[in-house]
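Order of appearance sets the numbers: ligands from 1, and atoms from 1 within every ligand. For reference, positions follow the sequence shown, starting with 1. Hydrogens, waters and symmetry mates are skipped; everything else that's a heavy atom, side chains included, is used.
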Amino acid sequence: MDKHARIFIAGHRGMVGSAILRALTKRGYDNLVVRTSKELDLRDNARVAAMFAEVKPEYVFLAAAKVGGILANSTLPAEFIYDNLAIQTNVVHQAYVHGVKKLLLLGSSCIYPRDSPQPMKEEYLLTGPLEPTNEWYAVAKIAGIKMCQAYRRQYGCDFIAAMPTNLYGPNDNFDLQHSHVLAALLRRFHEAREEGRPPTLWGTGTPRREFLHADDCAEACLFLMDHYSDPMIMNVGAGAEITIAELATMVAEVVGYRGDIHWDRTKPDGMPRKLMDCSRMTALGWTPRIPLREGLKDAYAWYRQQVGATPERSL
Ligand SMILES: NC(=O)C1=CN([C@@H]2O[C@H](COP(=O)(O)OP(=O)(O)OC[C@H]3O[C@@H](n4cnc5c(N)ncnc54)[C@H](OP(=O)(O)O)[C@@H]3O)[C@@H](O)[C@H]2O)C=CC1
Ligand SMILES: C[C@H]1O[C@H](OP(=O)(O)OP(=O)(O)OC[C@H]2O[C@@H](n3cnc4c(=O)[nH]c(N)nc43)[C@H](O)[C@@H]2O)[C@@H](O)[C@@H](O)C1=O
């Protein structure tokens with residue numbers, strides 16, 4: 001991408017979009033196009049078409065989506081399938097209509113079958129039933145992948161799709177009902193320490209997850225924009241997994257909480273394991289840089305800043 005190219009970052013205020021914005025700005029890109037969801041609801045096809053006609057972006061990072069953790073996904077199925085289908089349909093189609101040179105769509109590791117062999121390779125897509133807690137979101141994401149592949153096949157569009165694993169970092173959602181596990185745990189342990197009572201976590205603690213910092217994910221997205229043009233999806237992971245119980249211990253250490261943990265086993269575990277096989281990304285020459293413990297410290301520092309907790313007061 002030329003440093004003056006018009007680059008539309010859809011979802012620039014979200015965790016991944018803001019990390020992409022930071023990464024591009026740091027590299028000196030000076031023609032970045034952003035819109036909040038209030039300024040431009042990407043579910044509205046006419047408004048998306050008008051924006052593309054007016055701005056004529058040359059490159060698109062599609063990081064706008066309806067996103068949430070296991071409970072949000074299982075309790076808001078209509079919003080997860082509708083919003084994501086509509087956003088992708090409008091952005092991908094208008095990118096084709098207005099001759100976008102390259103588009104990167106963000107999918108998710110939840111597109112793989114619940115009982116996939118581990119680690120999960122790209123070719124396992126559509127080889128078995130999905131995990132029920134996020135099937136609506138996963139179906140929408142799979143449709144997004146298929147749109148990129150269809151527009152490449154029929155119209156020759158250079159549209160690619162990256163599948164990140166579970167992400168965390170600055171600008172994550174810390175809502176206790178709707179967030180992903182890592183943000184929820186940082187907040188739960190922070191509040192447990194402040195209030196002197198044990199946190200209640202969900203499920204059994206036995207599921208395994210892989211966690212990638214949003215800044216690493218953004219670097220991977222920029223790398224793929226520069227080095228990858230292929231219909232095959234690309235896994236973007238951290239390369240190591242950890243149980244939720246082990247994650248809880250690590251978060252407790254980072255936050256400085258030393259006490260009991262309660263587990264609410266009425267809450268779902270979701271997929272038992274979700275480890276990406278990232279050998280194709282590694283072979284291309286990209287690997288993540290931020291170790292989980294360092295990333296956790298960074299995410300916790302960001303959270304404390306948001307809640308106005310000074311280190312002196314909160315530790
Ligand atoms: N978080 C994770 O663990 C993972 C995320 N991903 C994928 O990465 C991408 C980014 O996720 P993440 O950054 O976490 O999500 P966030 O929830 O942090 O951000 C999503 C962004 O999408 C925008 N958005 C939502 N709905 C609309 C709409 N109708 N019109 C316009 N903009 C809209 C929001 O804009 P605004 O702020 O202006 O309202 C927001 O900035 C998504 O595709 C997600 O599926 C993949 C794997 C894991
Ligand atoms: C990235 C991916 O993320 C989602 O899938 P998920 O990985 O299952 O989601 P999660 O991060 O919310 O939970 C991971 C694990 O952690 C446990 N857990 C413990 N305590 C809390 C807790 O307090 N909050 C949450 N959310 N989970 C908790 C929870 O029970 C589960 O076992 C998809 O829906 C979809 O959004 C998607 O694409």
Nearest candidate to [atom], where distance is taken over non-hydrogen atoms, out of [options]:
atom: atom 6 (N) of ligand 1; options: Ala162, Cys221, Ala65, Gly107; value: Gly107
atom: atom 25 (C) of ligand 2; options: Trp263, Trp202, Phe211; value: Trp202
atom: atom 26 (N) of ligand 1; options: Asp83, Thr36, Ile87; value: Ile87
atom: atom 44 (C) of ligand 1; options: Tyr82, Phe80, Tyr137; value: Tyr137

Quiz item: Does a side chain donor of either Asn166 or His180 reach within less than 3.5 Å of an acceptor in the other side chain?
Solution: no
Practice problem: Establish, from distance only, whether the side-chain atoms of Ser229 and Asp158 form a donor-acceptor pair under 3.5 Å. | Solution: yes
Does the pair [X]/[Y] count as a salt bridge with the N-to-O cut at 4.0 Å?
X: Glu253; Y: Arg293; result: yes
X: Glu195; Y: Arg197; result: yes
X: Asp215; Y: Arg22; result: yes
X: Glu219; Y: Arg27; result: yes

Answer with side chain, backbone, both or neither: which part of [X] has a heavy atom less than 4.0 angstrom from an atom of ligand 2?
X: Asn134; answer: side chain
X: Arg209; answer: side chain
X: Arg188; answer: side chain
X: Ser179; answer: backbone
X: Lys267; answer: neither
X: Ile70; answer: both

N/O separation below 3.5 Å, [X] to ligand 1:
X: Leu42; value: yes
X: Leu62; value: no
X: Arg35; value: no
X: Val67; value: no
X: Asn166; value: no
X: Lys66; value: no

Quiz item: Would a 4.0 Å cut-off, counted as strictly less than, catch a protein heavy atom around atom 34 (C) of ligand 1?
Solution: no
Roughly how far, to the nearest 0.5 Å, is the [atom2] atom of [Y] from the [atom1] atom of [X]?
X: Leu103; Y: Phe8; atom1: CG; atom2: CZ; answer: 10.0 Å
X: Asp277; Y: Asn235; atom1: CG; atom2: CG; answer: 7.0 Å
X: Asn90; Y: Leu85; atom1: CG; atom2: CG; answer: 10.5 Å
X: Met281; Y: Glu122; atom1: CE; atom2: CD; answer: 10.0 Å
X: Tyr257; Y: His190; atom1: OH; atom2: NE2; answer: 14.0 Å

Does [X] approach ligand 1 within less than 4.0 angstrom via side chain, backbone, both or neither, non-hydrogen atoms only?
X: Thr165; answer: backbone
X: Met15; answer: both
X: Lys141; answer: side chain
X: Val16; answer: both
X: Tyr168; answer: neither

Quick test: of every protein heavy atom, which one is nearest to [atom], and how far off is it to 0.1 Å?
atom: atom 5 (O) of ligand 2; answer: Lys274 NZ, 3.2 Å
atom: atom 19 (O) of ligand 1; answer: Gly14 CA, 3.2 Å
atom: atom 10 (C) of ligand 1; answer: Ala63 O, 3.3 Å
atom: atom 38 (O) of ligand 2; answer: Ser108 OG, 2.5 Å
atom: atom 34 (O) of ligand 2; answer: Asn73 ND2, 2.9 Å
atom: atom 3 (O) of ligand 2; answer: His180 CD2, 3.3 Å
atom: atom 36 (O) of ligand 2; answer: Gly68 O, 2.6 Å
atom: atom 31 (C) of ligand 2; answer: Asp269 O, 3.3 Å
atom: atom 29 (C) of ligand 2; answer: Pro268 O, 3.8 Å
atom: atom 13 (O) of ligand 2; answer: Val181 CB, 3.8 Å

Quiz item: Which of the atoms in ligand 1, numbered in the order shown and given with their element, are less than 4.0 Å from a heavy-atom of Arg43?
Solution: 29 (N)
Exercise. State the atoms of ligand 1, each with its element, that fall below the 4.0 Å cut-off from a heavy-atom position in Asp41.
Key: 28 (C), 29 (N), 30 (N)
Pull out every atom of ligand 2 sitting under 4.0 Å from any heavy atom of [X], numbered as shown with elements.
X: Pro207; answer: 32 (O)
X: Ala184; answer: 22 (C), 23 (O), 24 (N)
X: Gly69; answer: 12 (O), 34 (O)
X: Cys110; answer: 38 (O)
X: Tyr137; answer: 35 (C), 36 (O), 37 (C), 38 (O)

Quiz item: Is the shortest distance from a heavy atom of Asn166 to ligand 2 less than 4.0 Å?
Solution: yes
Quiz item: Parallel, tilted or perpendicular: which describes the rings of Tyr300 and Tyr303, with under 30° parallel and over 60° perpendicular?
Solution: parallel
Exercise. Assign the ring pair His93 / Tyr151 to parallel, tilted or perpendicular, where the plane angle (0 to 90°) is split at 30° and 60°.
Key: perpendicular
Quiz item: Are Asp30 and Lys3 close enough, and set up right, to give a salt bridge (charged side-chain N to carboxylate O under 4.0 Å, His left out), and what steps lead you there?
Solution: CA-CA 6 Å; Asp30 61 6; Lys3 289 277 150 67; over 6 Å; no
Quiz item: Under 3.5 Å, side chain of Arg188 to main-chain N/O of Leu176, donor-acceptor pair present?
Solution: yes
Exercise. Check if Asn84 has a non-hydrogen atom at a distance under 4.0 Å from any atom of ligand 1.
Key: no
